[in-house]
S.K.: 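This structure is in structure tokens; I'll ask about it shortly.
Below, chains carry the letters A, B, ... as their sequence lines are ordered, and counting in each starts from 1.
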Amino acid sequence: MNNTNKDDNLENNQDFIREIISKDLSDGKYKRIITRFPPEPNGYMHIGHAKSAFVNFSIASENNGKCNLRFDDTNPSKEEEEFIHAFQNDLKWLGFDYGNKVHYSSDYFDQLYSYAVKLIEMRLAYVCDLNQDEIREYRGTLTTKGKNSPYRDRTIEENLDLFEQMKNGKFKNGTRVLRAKIDMSSGNLNLRDPVIYRIMNIIHHRTGDKWCIYPTYDFAHGQSDSLEKITHSICTVEFEDHRPLYNWFIDKLNIYPSRQIEFARLNISGTMMSKRQLSELVLSNMVNGWDDPRMPTISGMRRRGYPSEAILDFCKRTSITKRTNLVDLSLLEHCVRENLNKSAYRVMAVLNPIKVVIKNYSNDSFEEIDALNNPEDPAMGSRKVPFSREIYIEREDFAEIPPPKFHRLTIGKEVRLRYAYIVKCVDVIKDEKGEVIEIHCEYDENSRGGKPADGRKVRGTIHWVSALKSSRAEIRIYDKLISEKEFDEENSDNMELNPNSIKVLKNCPIEISLENASEGIHYQFERLGYYILDSQDTKSGSLVFNRTVSLRDSWAKKSSFNLK
RNA sequence: UGGGGAUUGGUCUAGUGGUAGGACAACAGACUCUGGAUCUGUAAGCCGAGGUUCGAAUCCUCGAUCCCCAGCCA
């Protein structure tokens, strides 16, 4: 019984946010939980967003509540329609249900404007004529207090009039702002009379030219939460010191009290998660668009072949805390492999081919060998793979002078060609430089299917592709985007990609059944890794495969011989 | 004497005064027609110093280190 309890506890482990919510529910504070996922449409959705969406959507659904998708579109200078569509597409692909209503902060521009007027009327906001530099000067520094703006004590009437003129486009960009009147001596800089409306003569993607003043994040986010009756507004820790401001507006405006709760953002080794850096990669063409398979974007991962279930599983495994973290990429890859191992079709392809001639096999014929589509799941059936006198194998699978414990092909030794025959290497042919260019073997005709008739053990099994009857493909191998473990956010000189982040192999022999490969199907190239057809660059007759992730390779690690 | 947050094996995390547990990574072995998968095992941790207590990762005190904040970005 103790054991049972212990197991239950382990499974029901609650993070601190779920604890808060459970308590709020049991205290009767709320009847129904409403969360929100509030991306700014200024880039594509990435795995960090996915984590946040996962937290918000799953907490809502666990409690029979709902989660609103809300685009935080208060800054028309950065936001674009394209990103809104892309986000919705990615969200759907991941399986998040945001119902049929999409919310926008811009839905509340009218309401927000009247909140601002209300604040002015309460003497809690004022129009400030200081320019940007002056505002910064007056704000003080981290260790010194700020001082009051000379415009802080304008009359309500004057403020109302000026604010209306701001709205009516009477002033140029940057000449005036509306500020909340709080406390210029606060230790929290967010409370030193924060700007809540700024003049921007820019067309908004949804409201067009209706507005030339736009609310800032601080003035829009909390009130939008409140208007949607969001019970728990979950965001990342860098907003922690905005919370007093968030609460200040709710309090002064006397509106529905949403509660902001912060948790640490997700970081993954070998990649970067900042929207700024990611868009820089795209804009500078350092990568090939937002859906470049090396990108940590959802569209990049999809194109690379990461299944949505694996991404969700990863989000679930990286739990919710406030600590700064750097999750090892290997956890994500583990989730991907675990998912794909069960579902991917096995096929054979050779990345670095060398020709093998089977001297005692008839020259002019080929035969069809049965091969399992997935040994993990016999229900996935089998297929025919053509076998012939000339085949390709992986260069790494042959060694003239084998290192210790080498279970592959070497002169005088036997190896099994997967699903086909046992072959023994009898000779090699070298070029002028002494490099092996062709391997000569003899096959055991009584080992069809890979089973020697006399039952002898053959330790090594290698993959192969018929030279007579096969196809060709371009294969793209990816590695981590950046080589440094972490790198400086602000220093863009540091934006150096891992030079090996992509490797393109052309004209690789692949099993002929792959000519019918279709988009979105996951394949395991046996002994190599998981691959998927590239959705952008595959044309009929010219196949391009992306490596999703390699198979774990305990030999490569062990063997200094094989180190690349 | 600015404000806010955090600190458990290499990494992520559980623990809420009573044997520090899990996952990833690593290592060793078993098994195997994928050196895959699977299985078994090994190593590895409470930031530090005091205190309270029969007993402290947990409570108290002092200290250390790291992260965030000086956008009219979010």
Side-chain angles (χ1 to χ4, degrees), chain A residues 6 9-10 13 15 38-40 42 72 74-75 77-79 128 130-132 135-137 139-146 173-179 185-192 194-200 213-214 216-218 220-221 235-244 262 264 269 275-276 317-335 337-338 341-342 346 348 372 375-376 405-408 416-420 422 449-452 457-463 524-529 550-559 562:
Chain A
K6 200 173 179 185
N9 285 340
L10 284 176
N13 259 337
D15 54 79
E40 183 191 13
N42 66 346
D72 215 343
T74 57
N75 186 347
S77 71
K78 301 195 166 191
E79 294 146 9
C128 183
L130 258 24
N131 66 33
Q132 205 158 338
I135 286 183
R136 190 182 312 120
E137 259 180 65
R139 184 158 39 225
T141 71
L142 291 178
T143 51
T144 61
K145 295 178 175 182
N173 286 350
T175 53
R176 281 183 170 86
V177 291
L178 185 70
R179 294 228 249 169
S185 67
S186 172
N188 181 348
L189 304 218
N190 294 119
L191 264 19
R192 319 242 263 228
V195 170
I196 61 178
Y197 260 96
R198 70 290 216 198
I199 300 171
M200 279 202 247
I213 57 171
Y214 294 95
T216 57
Y217 166 84
D218 284 310
H221 201 95
C235 64
T236 49
V237 287
E238 57 271 29
F239 292 102
E240 209 146 21
D241 49 17
H242 289 244
R243 184 167 11 111
E262 312 84 12
S269 64
K275 290 186 286 184
R276 209 203 92 238
R317 291 190 195 219
T318 56
S319 78
I320 304 167
T321 67
K322 299 185 80 156
R323 306 179 196 139
T324 307
N325 61 76
L326 184 64
V327 177
D328 203 307
L329 219 210
S330 67
L331 181 63
L332 212 205
E333 295 187 333
H334 169 80
C335 294
R337 289 192 185 103
E338 191 173 65
N341 177 47
K342 284 177 271 175
R346 269 61 172 176
M348 292 193 284
L372 255 25
E376 296 279 318
K405 294 186 178 166
F406 186 78
H407 304 311
R408 306 178 184 185
R416 174 174 19 245
L417 298 175
R418 173 134 245 226
Y419 294 123
I422 309 296
K451 290 182 278 289
K457 290 273 180 225
V458 175
R459 179 70 192 264
T461 299
I462 62 174
H463 60 277
Q524 184 196 96
F525 291 0
E526 292 219 31
R527 303 209 303 136
L528 296 173
S550 70
L551 248 29
R552 288 184 72 224
D553 187 352
S554 53
W555 169 248
K557 275 186 295 199
K558 218 178 286 190
S559 154
N562 221 14

S.K.: Got a donor-acceptor contact below 3.5 angstrom from the A:D328 side chain to the A:L331 backbone?
M.R.: no
S.K.: So what's B:C27 paired with, Watson-Crick or G-U wobble, going by both distances under 3.5 Å?
M.R.: B:G41
S.K.: Has A:K405 got a side-chain N or O lying under 4.0 Å from the OP1 or OP2 atom of B:G35?
M.R.: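 No.
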S.K.: Side chain of A:S319 only, heavy atoms from C-beta on: which candidate in B:A74, B:A14, B:C69 is closest?
M.R.: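 So the nucleotide nearest the side chain must be B:A14.
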S.K.: Measure from the side-chain N and O atoms of A:R192 to the backbone N and O of A:S186, and report whether any donor-acceptor pair falls under 3.5 Å.
M.R.: yes
S.K.: Please give the distance between the P atoms of B:U7 and B:U11 as a whole number of Å.
M.R.: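 Per the computed distance, 15 Å lies between those P atoms.
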S.K.: Using atom P in both nucleotides, what's the gap between B:U38 and B:A6 to the nearest angstrom?
M.R.: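 Going atom to atom, P in each nucleotide, I get 37 Å.
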S.K.: Indicate, yes or no, whether a donor-acceptor pair under 3.5 Å links the base of B:U32 to the side chain of A:R459.
M.R.: yes
S.K.: What distance, rounded to whole Å, do you find between the two P atoms, one in B:U53 and one in B:A44?
M.R.: 34 Å
S.K.: Identify the two heavy atoms, one from A:T74 and one from A:R198, that lie closest to each other, and give their separation to 0.1 Å.
M.R.: O-NH1, 3.5 Å
S.K.: Is there a donor and acceptor pair closer than 3.5 Å between the side chain of A:D553 and the base of B:G35?
M.R.: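 Donor-acceptor pair under 3.5 Å: no.
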S.K.: Can you tell me, in whole Å, how much space there is between the P of B:A56 and that of B:A20?
M.R.: 11 Å
S.K.: Nearest to the side chain of A:R139, heavy atoms from C-beta on, is which of B:A74, B:A70, B:G36?
M.R.: B:A70
S.K.: Does any N or O donor sit under 3.5 Å from an N or O acceptor when you compare the side chain of A:R317 with the base of B:U13?
M.R.: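 No such pair is found, so the answer is no.
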S.K.: Tell me the interatomic distance from A:K451, atom NZ, to B:U32, atom C1', rounded to whole angstroms.
M.R.: 14 Å
S.K.: So which nucleotide does B:C72 pair with, by the Watson-Crick or G-U wobble rule with both distances under 3.5 Å?
M.R.: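 For B:C72, the partner nucleotide comes out as none, under the 3.5 Å rule.
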S.K.: Ignoring hydrogens and angles, are the base of B:G35 and the side chain of A:R527 linked by a donor-acceptor pair under 3.5 Å?
M.R.: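 Donor-acceptor pair under 3.5 Å: no.
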S.K.: Is the aromatic ring centre of A:W555 closer than 5.5 Å to the centre of the six-membered base ring of B:G35, with the two planes inclined by less than 30°?
M.R.: yes
S.K.: Can you tell me, in whole Å, how much space there is between the P of B:C39 and that of B:G4?
M.R.: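 Rounded to whole Å, the distance is 49 Å.
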S.K.: Give me the ring orientation class for A:H242 and A:F239: parallel if the planes are under 30° apart, tilted from 30 to 60°, perpendicular past 60°.
M.R.: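 Geometry flag for A:F239 against A:H242: perpendicular rings.
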S.K.: So does A:R418 pair up with A:E526, basic N to acidic O under 4.0 Å?
M.R.: yes
S.K.: Answer yes or no: is there a donor N or O on one side and an acceptor on the other, between the side chain of A:D15 and the main chain of A:T321, under 3.5 Å?
M.R.: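 No, because the side chain of A:D15 does not come within donor-acceptor range (under 3.5 Å) of the backbone of A:T321.
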S.K.: Find the partner of B:U52: check Watson-Crick (N1-N3 plus N6-O4 or O6-N4) and G-U wobble (N1-O2, O6-N3) distances, both under 3.5 Å, and reply none if neither fits.
M.R.: none
S.K.: Would you say a side-chain N or O of A:S554 is under 4.0 Å from OP1 or OP2 of B:G36?
M.R.: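 Looking at the OP1 and OP2 atoms of B:G36, one of them is under 4.0 Å from a side-chain N or O of A:S554.
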S.K.: Using a cut-off of strictly less than 4.0 Å, decide whether A:N325 has a side-chain nitrogen or oxygen near OP1 or OP2 of B:C12.
M.R.: no
S.K.: Could you work out which one of B:A70, B:C73, B:G35 sits closest to the side chain of A:M200?
M.R.: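 Nearest to the side chain of A:M200 among the choices is B:C73.
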S.K.: Roughly how far apart, to the nearest Å, are B:A43 and B:A26 at atom C1'?
M.R.: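 One C1' to the other, the span is 9 Å.
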S.K.: I'd like the C1' distance from B:C46 over to B:G21, given in whole Å.
M.R.: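 Per the computed distance, 13 Å lies between those C1' atoms.
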S.K.: Choosing from B:G36, B:U11, B:A74, which nucleotide comes nearest the side chain of A:D328?
M.R.: B:U11
S.K.: Which nucleotide in the list B:C68, B:A74, B:A23 gets nearest to the side chain of A:L331?
M.R.: B:A23
S.K.: Which nucleotide wins on minimum distance to the side chain of A:R408, given the candidates B:U34, B:G4, B:G35?
M.R.: B:G35
S.K.: Taking NE2 from A:H221 and P from B:A74, how many angstroms apart are they, rounded to a whole number?
M.R.: 11 Å
S.K.: Under the 3.5 angstrom rule, does the side chain of A:S269 hit a backbone N or O of A:L329 as a donor-acceptor pair?
M.R.: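 Yes.
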S.K.: What's the closest nucleotide to the A:T321 side chain, out of B:A74, B:A14, B:C27?
M.R.: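 The listed nucleotide nearest to A:T321's side chain is B:A14.
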S.K.: By nearest nucleotide on RNA chain B, pick out whichever of A:H334 and A:E40 is the more 5' one.
M.R.: A:H334
S.K.: Which base sits across from B:G9 as a Watson-Crick or G-U pair, both distances under 3.5 Å?
M.R.: none
S.K.: Taking the minimum atom-to-atom distance to the side chain of A:R136, which one of B:A70, B:C72, B:G36 wins?
M.R.: B:A70
S.K.: Do A:E376 and B:G36 share a donor-acceptor pair, side chain to base, under 3.5 Å?
M.R.: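 Flag set: donor-acceptor pair detected.
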S.K.: Look at the side-chain N and O atoms of A:R192 and state whether any lies under 4.0 Å from the OP1 or OP2 oxygen of B:A70.
M.R.: no
